[in-house]
Number of protein chains: 2
Amino acid sequence: MLTKKQLIEFSDEARKNYLDHISIDCVVFGFHEGQMKVLLLQPHDEKKWLLPGGFVMKREPIEQAANRILKERTGLDKIFLQQFYVFGDPDRAKFHSDLYKDTLPDHENWFSNRFLSIGYYALVDFFGVVPQPDQFSETCTWRDLDDMPELLLDHEQIFKTALDALRLQLNHQPIGYNLMPREFTMPELQKLYEAILGKKLDRRNFQRRILGFGILNRAEQPRKGGAHKAPYLYSFDLENYQNALTEGFRGGW
Amino acid sequence: MLTKKQLIEFSDEARKNYLDHISIDCVVFGFHEGQMKVLLLQPHDEKKWLLPGGFVMKREPIEQAANRILKERTGLDKIFLQQFYVFGDPDRAKFHSDLYKDTLPDHENWFSNRFLSIGYYALVDFFGVVPQPDQFSETCTWRDLDDMPELLLDHEQIFKTALDALRLQLNHQPIGYNLMPREFTMPELQKLYEAILGKKLDRRNFQRRILGFGILNRAEQPRKGGAHKAPYLYSFDLENYQNALTEGFRGGW
DNA sequence: TCAAAAGTGTTGAGGATACACCCATGG
DNA sequence: CCATGGGTGTATCCTCAACACTTTTGA
């Protein structure tokens, strides 16, 4: 929680630089060791968590704003971003406005504004991210998709909506490409699909189907060193991938 | 175009009632005589057209705002609405801010604000609509999907994005239910699908497939009076429809 | 040599496509 | 009586799901 002085300073700066009433919240997905991960922030003196977010500068394109916000949280540039919904309930940020209601009167406190929040989901390479808390937060860290803590405000709803959008767009967006490292094995890619869809898939049928799309290149050398039979390494054929996505992969999983 | 006095009055009222920087634009779809229709407005002294739109009141939920705006344009209550995208380019409304730049300085003119516009598509019963122009417009009328005039601002982009969203969601939203009258024939429903998808479908296979979903009830009496063989009348079985939509109809068209 | 991971192959059911055929009605 | 619109039936193809089998490797 900010001191009164900090809050006044922040509010003054915000009013100068940002659009009133607009915020951005991001659901940042990563993939590591067979698990989908989401990047979360824990505010000072709070049990519950928040999605990374921020505001839009007065003349800034909104996608650029989302990129700027995420660069501060992850260190990454040029992140894959997809806008998925606007959350516009008048009381959606009641927690934030209540938090400081004894510190500063509403008309001076930026956080007592009504904010419509534009939801973006982001797909990042897990190993490229260096989580960095913002000034309101104690920590910034990855959480497993199936071990999510309680979230503040309406961020639970935002998160769930993002996950739904991700599932719906699995055949229409380069989701695998942006979440996997450059080279990966077929079982690893399958784990990603299983994590997103929340169900097991048949190993053999998965392989045949993915390969049938013609969007993967197989490396000549299989991965060495592991136990058991050495798996082949694959990478995405970006050109074919893009073409296939415009059509959308046929059928369901 | 407004007079200076009108513009000042509107700007003052708007600043009092509406959120700055937020607007709503709606793509209203209707279906009549085998044609998809879109509701458009033509401003005074203008060749090009606009989508119906408006602003959000300071404490109003955004979906309610969209409903209010469309009630004024169509006379309809409780319209089926689906938010599909936010258009946030800083210069997207340059036409509007330029239009009055000699009438009123920017800081007094509401239209010279930057507006992020939330896009909704609406599905309405064609016969229920009584098109009603707003104070900026000469006319408000239906236009055929394949005979669209030039649009102002970024409304061409908004329209196209809406149409893409409509196609993607054809198997996940009650699109047929909201666009067709209560009773309709199979060929009529097929025309709707063909209009949305932009391609011809096989009559027999369409029928079998739609009926296979189990979402239609066949009336006992076929439609009479027309030439040729009397077609059966169908209506949607709303309960089954809803259930089927949560799964999404399988396969493509 | 055996368990576990990974690659490849086969088969059968169900859905989609492309047809052919029959029925009703107005001109 | 026939052109046209509309309802019903069928053969073929193809996709997908559910399987079995083989290969490789470390323990």
Between [N] ([atom2]) and [X] ([atom1]): distance, integer Å:
| X | N | atom1 | atom2 | value |
| --- | --- | --- | --- | --- |
| A:I210 | C:dA6 | CD1 | P | 16 Å |
| B:K200 | C:dT17 | NZ | P | 17 Å |
| B:L189 | D:dG7 | CG | C1' | 16 Å |
| A:E188 | C:dG7 | CD | P | 11 Å |
| B:L211 | D:dT8 | CG | P | 8 Å |
| B:F184 | D:dG6 | CZ | C1' | 16 Å |
| A:Q190 | C:dA5 | CD | C1' | 12 Å |

Within the pair B:Q207 and D:dG7, is there a side-chain N or O less than 4.0 Å away from OP1 or OP2?
yes
Can you run down the salt bridge (Lys or Arg N to Asp or Glu O under 4.0 Å) pairs that involve residues 63-72 of chain B, sequence neighbours left out, and say none if there aren't any?
B:E60-B:R68, B:K71-B:D77
Show every salt bridge (Lys or Arg N to Asp or Glu O under 4.0 Å) that has at least one partner inside residues 123-133 of chain A, sequence neighbours left out.
none
Verify whether the ring centers belonging to A:F29 and A:F31 lie closer than 6.0 Å.
no
Hey, does the Lys NZ or Arg CZ of A:R218 hover above the aromatic six-ring of A:Y232, less than 6.0 Å from the centre and inside 45° of the axis?
yes
By side chain to side chain contact (heavy atoms under 4.5 Å, CB included), A:E138 pairs with (sequence neighbours left out) A:H44
Would you please name every residue forming a side chain to side chain contact (heavy atoms under 4.5 Å, CB included) with A:Q35, sequence neighbours left out?
A:K37, A:D144, A:D146
For ring-ring contact (aromatic ring centres under 6.0 Å, His included), just list the numbers for B:F184 and B:F236, CA-CA rounded to whole Å, side-chain angles, deciding distance to a tenth of an Å, and then say yes or no.
CA-CA 9 Å; B:F184 50 88; B:F236 282 98; 5.2 Å; yes
Do NZ/NE/NH1/NH2 and the carboxylate oxygens of A:D164 and A:K160 come within less than 4.0 Å?
no
Going 5' to 3' through nucleotides 19-27 of chain C, assign each nucleotide B (protein heavy atom under 4.0 Å from a base atom), S (under 4.0 Å only from sugar-phosphate atoms) or - (no protein heavy atom that close).
BB--BBBS-
Could you tell me, to 10°, how much the axis swings from one end of the helix from C:dT1-D:dA27 to C:dG27-D:dC1 to the other, five pairs per end?
10°
Donor-acceptor pair, B:Q190 side chain versus B:L201 backbone, under 3.5 Å?
yes
